[in-house]
Number of protein chains: 2
Amino acid sequence: MSYQKIMEKEKTDKKDYILDVAERVFSEKGFDGASTRLISSEAGVNMAMLNYYFGSKEGLFLEIFNRKISSFQNILQNLGNDDSISAWAKMEQYIEMYGEKVVNNNCFQKLLYQEMGMNRRTDLSDKLRDMLMKNVTELDKILKEGIAKGEFKTDIDVPMVIATLYGTKNYIINTPLMSSPLLGYDITDDNMIETKLKPQIKSFMKNLLKAYLHN
Amino acid sequence: MSYQKIMEKEKTDKKDYILDVAERVFSEKGFDGASTRLISSEAGVNMAMLNYYFGSKEGLFLEIFNRKISSFQNILQNLGNDDSISAWAKMEQYIEMYGEKVVNNNCFQKLLYQEMGMNRRTDLSDKLRDMLMKNVTELDKILKEGIAKGEFKTDIDVPMVIATLYGTKNYIINTPLMSSPLLGYDITDDNMIETKLKPQIKSFMKNLLKAYLHN
DNA sequence: TTACTTTAATCAATCGTTTGATTAACTTTG
DNA sequence: CAAAGTTAATCAAACGATTGATTAAAGTAA
């Protein structure tokens with residue numbers, strides 16, 4: 001490996017590390033509440049480095065999202081095109097994948113819906129909406145297929161089902177001060193998330209939607 | 001009415017008006033994003049009046065919550081103590097009242113869960129949690145009563161049901177950029193909220209939980 | 001050297017807050 | 001009654017502190 005490549009890698013790692021730290025700080029304090037001085041100090045780099053790497057505070061902020069948007073694409077897709085399995089089996093798969101993938105990336109999820117809430121930066125919000133909509137569309141397709149096949153009831157409220165799946169997860173993840181005493185364990189603990197929350201949320205969602213959707 | 005009382009009333013109205021404006025601006029921009037200059041300008045008062053009335057920006061912020069906390073108390077209570085009606089009937093009443101009361105106060109809801117998310121101001125967060133927990137506890141009581149009576153299944157996940165009810169509503173209200181295209185109408189339009197969202201959310205929640213809870 | 005990083009010092013702008021002066025309404029005093 | 005005093009409300013101006021951003025110099029590796 002050439003020195004250049006080592007440098008590139010180190011540079012990328014450093015940028016990535018700064019992005020990780022910034023993601024956390026932004027999610028804790030909000031865009032305006034997180035000063036560049038705090039972010040740089042937490043990351044252990046000089047303040048000017050943020051502008052050197054990312055141009056501006058907003059550039060840093062946007063980069064956090066761009067990094068994730070690429071890795072988020074097509075996660076939950078290509079489920080609707082398979083005709084060999086039932087719509088309900090697809091739903092179960094969706095819940096599995098969703099519960100697995102999305103309960104992680106805790107900080108980013110918080111940041112994501114924080115940014116979607118206040119719709120400054122209209123272009124970013126639009127990009128994020130499109131990103132999220134891809135998964136929503138897939139879920140929409142599965143539900144409508146289940147109705148058409150006669151597998152699900154004909155009078156189910158498709159948009160509301162989607163809102164329930166996403167909303168329940170968001171509520172738990174983004175409001176640990178409520179959900180931790182509610183569930184009886186610490187939602188912010190990664191170990192608890194893995195061993196208790198993930199199974200619980202998957203199991204509950206399957207039972208809930210099974211009861212609601214099925215004939 | 002004496003002059004003093006007139007003065008007091010006018011003063012209260014003005015403070016209340018400033019609080020209304022501040023509530024909206026804070027909910028749109030966040031605590032740090034909303035400058036005192038913007039708030040005072042939107043309210044049409046001199047900047048110094050905010051400090052004159054509320055001591056500080058934080059004082060103003062806290063006053064917004066104190067005002068609501070008083071009016072939020074005991075809204076959904078005293079439902080669990082009535083033995084003459086079934087647990088399911090209580091659930092329906094709860095959903096009705098919740099859908100009615102909470103879909104309003106749009107700005108405050110946003111602000112509330114924004115503040116609960118970032119837990120600065122620990123004492124405020126604790127107060128807000130206690131406030132919300134009162135309603136949660138009531139719901140918890142109803143669900144457990146239904147289980148004990150044999151009206152509901154024995155294996156229902158009580159905390160998750162609660163998270164679903166609150167989470168679904170929050171998702172729709174706090175993420176209009178997602179929920180509006182999802183539902184097919186403008187969530188931010190008060191008229192749409194009244195004529196379409198309220199009935200839809202009530203009806204869906206009843207059907208969803210009916211299917212999940214009942215034997 | 002040459003090109004890329006990193007640093008401390010510094011910038012103008014904006015932040016929340018405070019000040020002193022002014023107004024207007026009411027109360028007290030003579 | 002009228003004059004003087006008192007009070008709360010309001011304002012423009014300015015305060016010190018902090019913000020995001022820039023600079024020029026020093027450091028580093030080829």
Side-chain angles (χ1 to χ4, degrees), chain A residues 1-19 21-26 28-65 111 115 118 120-121 124, chain B residues 1-65 111 115 118 120-121 124:
Chain A
M1 187 183 277
S2 73
Y3 270 116
Q4 280 189 345
K5 286 222 171 166
I6 289 176
M7 280 306 296
E8 275 174 22
K9 188 165 189 313
E10 279 175 355
K11 191 171 80 179
T12 305
D13 284 353
K14 188 160 199 172
K15 284 182 76 169
D16 245 49
Y17 176 69
I18 294 176
L19 285 171
V21 173
E23 183 179 300
R24 178 178 55 77
V25 177
F26 275 133
E28 286 169 356
K29 308 247 178 191
F31 179 79
D32 297 290
S35 70
T36 54
R37 281 171 177 79
L38 177 61
I39 295 172
S40 60
S41 125
E42 293 261 320
V45 300
N46 190 279
M47 205 177 45
M49 296 304 295
L50 300 187
N51 293 307
Y52 178 72
Y53 279 137
F54 307 103
S56 66
K57 183 186 183 182
E58 176 136 338
L60 166 62
F61 191 71
L62 296 177
E63 191 61 25
I64 292 173
F65 288 97
L111 194 54
E115 178 63 16
M118 328 188 224
R120 307 185 281 192
R121 286 178 283 265
L124 173 60
Chain B
M1 187 184 277
S2 73
Y3 270 116
Q4 282 189 345
K5 285 222 171 166
I6 289 177
M7 281 305 296
E8 274 175 21
K9 188 166 190 307
E10 280 175 355
K11 191 170 80 177
T12 305
D13 284 353
K14 186 158 200 170
K15 285 180 77 167
D16 246 47
Y17 176 70
I18 293 176
L19 286 171
D20 286 337
V21 174
E23 183 179 300
R24 179 178 55 78
V25 177
F26 276 132
S27 79
E28 287 169 356
K29 308 247 178 191
F31 179 79
D32 297 289
S35 69
T36 55
R37 281 171 177 80
L38 176 61
I39 295 172
S40 59
S41 126
E42 293 262 319
V45 301
N46 190 279
M47 210 174 38
M49 295 307 296
L50 300 187
N51 294 323
Y52 180 72
Y53 279 135
F54 308 104
S56 65
K57 183 185 184 182
E58 177 136 338
L60 166 62
F61 190 72
L62 295 177
E63 191 59 27
I64 292 174
F65 288 96
L111 194 54
E115 178 63 17
M118 330 188 222
R120 304 186 280 192
R121 286 177 284 264
L124 173 60

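Computed from a prediction, not measured in an experiment: that's the story for all the values here. In what follows, every chain begins at residue 1, and chains take the letters A, B, ... in the order their sequences are listed.
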Q: Give the rounded distance in Å between these two atoms: CE of M49(B) and C1' of dT18(C).
A: 14 Å
Q: Could you state the atom-to-atom distance from NZ of K15(A) to C1' of dT6(C) in whole Å?
A: 16 Å
Q | Rounded interatomic separation in angstrom, taking OH from Y52(B) and P from dT10(D) | A | 8 Å
Q.
Measuring from the side chain of A48(A) (C-beta onward, heavy atoms only), which nucleotide among dG20(D), dT22(D), dT17(C) has the closest atom?
A. dT22(D)
Q: Find the distance N46(B):CG to dT22(C):C1' and express it as a whole number of Å.
A: 13 Å
Show which side-chain atoms of residues 28-35 of chain A pair as donor or acceptor with protein atoms under 3.5 Å away, not counting sequence neighbours.
| from | atom 1 | to | atom 2 | distance (Å) |
| --- | --- | --- | --- | --- |
| D32(A) | OD2 | R120(A) | NH1 | 2.9 |
| D32(A) | OD2 | R120(A) | NH2 | 2.9 |
| S35(A) | OG | L38(A) | N | 3.1 |

Q | Verdict with reasoning, R24(A) to E42(A), per salt bridge (Lys or Arg N to Asp or Glu O under 4.0 Å) | A | CA-CA 10 Å; R24(A) 178 178 55 77; E42(A) 293 261 320; 2.7 Å; yes
Q.
Working to the nearest 0.5 angstrom, can you tell me the gap between L19(A) CG and F61(A) CZ?
A. 12.0 Å
Q.
If I take atom CZ in residue F54(A) and atom P in nucleotide dT22(D), what distance separates them, rounded to the nearest angstrom?
A. 16 Å
Q.
Taking only side-chain N and O atoms of Y53(B), does any of them lie within less than 4.0 angstrom of OP1 or OP2 on dT10(D)?
A. yes
**Q.** Distance (rounded to the nearest 0.5 Å) between K15(B) NZ and Y52(B) OH
**A.** 9.5 Å
Q) Atom CZ of F61(A) and atom C1' of dA21(D): how far apart are they, to the nearest Å? A) 19 Å
**Q.** Nearest heavy atoms of E23(A) and L111(A), plus distance in Å
**A.** O-CD2, 4.0 Å
Q. Given dT6(C), is OP1 or OP2 found less than 4.0 Å from the side-chain N or O atoms of K14(A)?
A. yes
Q) How long is the line joining CG of N51(A) and C1' of dA8(C), in whole Å? A) 15 Å
(Q) Any carboxylate oxygen within less than 4.0 angstrom of a Lys/Arg side-chain nitrogen, looking at R121(A) and E58(A)? (A) yes
Q: Rounded to the nearest 0.5 Å, what's the gap from CG on L60(A) to CD1 on I18(A)? Could you check?
A: 8.0 Å
(Q) Please report the distance, rounded to the nearest Å, between CE in M47(B) and C1' in dT18(C). (A) 10 Å
**Q.** Nucleic acid contacts - residues 25-45 of chain B versus DNA chain C, non-hydrogen atoms under 4.0 Å
**A.** A34(B), S35(B), T36(B), R37(B)
